[in-house]
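Report on the structure given below.
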2 protein chains.
Amino acid sequence: MMGEDKFDISPEWVDGETKALEAPGDHRAELRLWLRLLTCSTLVESEVRRRLREEFDSTLPRFDLMAQLERAPDGMVLGEVSKRMMVSPGNITVLVERLTESGHISRTTLPTDRRVQIIALTPFGRAEFEKMAARHADWISDLFAGLAAKDGGVLMDELAKLKRSIIAALARNT
Amino acid sequence: MMGEDKFDISPEWVDGETKALEAPGDHRAELRLWLRLLTCSTLVESEVRRRLREEFDSTLPRFDLMAQLERAPDGMVLGEVSKRMMVSPGNITVLVERLTESGHISRTTLPTDRRVQIIALTPFGRAEFEKMAARHADWISDLFAGLAAKDGGVLMDELAKLKRSIIAALARNT
DNA sequence: CGGAGAAATTTCAAGCTTAAAATTGTTTTC
DNA sequence: GAAAACAATTTTAAGCTTGAAATTTCTCCG
C-alpha cells in the first residue's frame, strides 16, 4: 500500500479507448491513483503527528477531538463526536478519559437522559487548542505551499468527485 | 481533522487576488483541501481494512508487507521493507513474527552478515497474496468507479504536484 | 589485533484502534 | 406496568504503531 516510490512522477490514466483493449479486470490505473493518494495523505499525517508531539506533547486524535469541540460551544454528545471523527465509540471513551484528566475537556451527564454524556472544551482546553490550531494551519500551509492556486482549486474539485464516487460505492454495497 | 461534513461539496480555492486581501496567516483553503484529502483516504482505507478482515481474516499492514515482498522474488532485507512501507523498524519486527508463524513468509539470516534478516513470501504466502490482491483491486476499482477517465488523469497529475510540494516542504525543514 | 563507532534489528512502554460483548438506562408495546 | 426492544456508552481482547533504549554484529582505524 505504501509502496509508491517516493519520487516517481506520472503514469497516464487509461482513457476509454485503451480500456477496451485491456485484459478484463485490469485495475492498474485506479490502484496507482489510490497509492498516490495514500502516499500524500500519509506523508502529511506523519508530519503533523510528529510536530504535535514535538511542539505540544500531544497527538493527532486528541487534536481532532478538540477540533470537533471547538465548533460546539455548548458541548457535544459522545456519539456525535464518534460519528464526526469516524472512529469507534470505544475509542472516544479512552480519549475522553485522558483529555478530562489533563483538564482540556469537561464531561457532564445529561440530567434528562442519564445514558448521555456531554463533553466540552474547558477554557484551558480552548486556549491550548487555539495555540495548536494556529501552528497546525501553518504546517499544512507550508506543506501545500508548492501547489499553485489554480492546482489547489482543481484538486479540491477532483477530490469532491472522488468523494462522491466513494460514498456512492459504499452505499451500493450496503 | 476528520470533521469534513460528509456531503459538503466545493468551496473555492483562493486565487492570487483574493489572497492579497486576506488577513495574514489565513490558511483556510489549504486546510479544507487537506481535510478533503484525508476524508477520501480514510474512507477508502477503512473499507479496505474491513474487507480484508471479513473476506480474509487479515489486516492492511499484513497485506502491505506481502505486497512489498511480491515484487522481490529473492526476498528483502527488513530495513528495506521498513523504509518502503514508511513505518518504524520495530513495527516490522512484530508483523514479520506473525506472518512467519502463519506460514506466509520465510525468514533467513544472511550468512555473510548476521545482523541482516531477509524475508520472502513462501509459495503459500504468494498464493494467498494473489487472491487478496485480486480482490483488493476490485474493491478499489469499485470505489473509484464514479470517477470519469478524464478526472482520474487530472487527479493523478494534481496529486503528483502535491506530492512534490510536500516532499519539498519536508526537505526544507530538515 | 582491539576497541570505537556504526548498522540492523529487537525490546519496551505507552498510546491508538477496532469489533464484539456487556452495561446501563430509556422507550415502546401489549 | 412489565417485558421486550432499543440506545448510549464502556469494557475487553487483540493488534498496530511509535520513539527511544538496548542488543548484537560488523567495520574500520590505529
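Chain letters run A, B, ... following the sequence lines, proteins first and then strands; every chain starts at 1. Heavy-atom basis, side chains included; hydrogens, waters and symmetry copies ignored. Everything numeric here is computed off the predicted structure, so don't read it as measured data.
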* **Any B/R53 side-chain nitrogen or oxygen under 4.0 Å from OP1 or OP2 of C/dA19** => yes
* To do: Provide the start and end nucleotides, 5' to 3', of the part of DNA chain D that has atoms under 4.0 Å from heavy atoms of chain B.
  => D/dG15 to D/dC26
* Calculate the interatomic distance between B/E45 atom CD and C/dT17 atom P; express it in whole Å. => 12 Å
* Using atom types as modelled and distance alone, determine if a side-chain donor or acceptor of B/S141 lies under 3.5 Å from a backbone N or O of B/A137. => no
* Separation of C/dA13 C1' from B/N91 CG (nearest whole Å) -> 15 Å
* Base, sugar-phosphate alone, or nothing: which one does B/G79 contact when heavy atoms must sit under 4.0 Å apart? -> sugar-phosphate
* How long is the gap from OG1 on A/T108 to CD1 on A/I118, to the nearest 0.5 Å? -> 6.5 Å
* Can you tell me if B/R135 uses its side chain to pair, donor with acceptor, with the backbone of B/F56 under 3.5 Å? -> no
* Closest-nucleotide 5' rank along DNA chain C - winner of B/R50 and B/V77 -> B/V77
* **Heavy-atom check, side chain of B/S58 versus side chain of B/M132, under 4.5 Å** => yes
* Looking at side-chain heavy atoms only, is the closest gap between B/E47 and B/L43 below 4.5 Å? -> no
* Asked: How many angstroms lie between atom CZ of A/R51 and atom CG of A/D142, to the nearest 0.5 angstrom?
  -> 6.5 Å
* For atom CG of A/D64 and atom C1' of C/dG15, their distance in whole Å -> 15 Å
* Rounded to the nearest 0.5 Å, how far apart are CD1 of A/I140 and CZ of B/R32? -> 15.0 Å
* Asked: Closest approach of B/P61 and B/R49, non-hydrogen atoms and distance?
  -> CD-NH1, 4.0 Å
* Specify the separation, in whole Å, of atom CZ of B/R49 and atom P of C/dT18. => 9 Å
* With sugar-phosphate meaning primed atoms plus P, OP1 and OP2, does B/P89 contact a base, only sugar-phosphate, or nothing at under 4.0 Å between heavy atoms? -> base
* With a 4.5 Å limit on heavy-atom distance, are the side chains of B/L37 and B/L159 in contact? -> yes
* To do: Mind checking B/R62 for me? I need base, sugar-phosphate or nothing, with any heavy atom below 4.0 Å counting as a touch.
  => sugar-phosphate
* To do: List in numerical order all residues of residues 97-119 of chain B for which some heavy atom is under 4.0 Å away from an atom belonging to DNA chain D.
  => B/R98, B/D113, B/R114, B/R115
* Rounding to a whole Å, what distance do you find between A/M85:CE and C/dC16:P? -> 10 Å
* Select base, sugar-phosphate, or nothing to describe what A/S82 touches, counting heavy atoms under 4.0 Å on all strands. => nothing
* To do: Let me know, please, whether B/T93 or A/P61 comes out on the 5' side of the other along DNA chain C by nearest nucleotide.
  => B/T93
* Asked: B/L52 has an atom CG; how far is it from atom P of C/dT18, in whole Å?
  -> 15 Å
* Structure fact -> From CG of A/L78 across to P of C/dT23 the rounded distance in Å is 20 Å
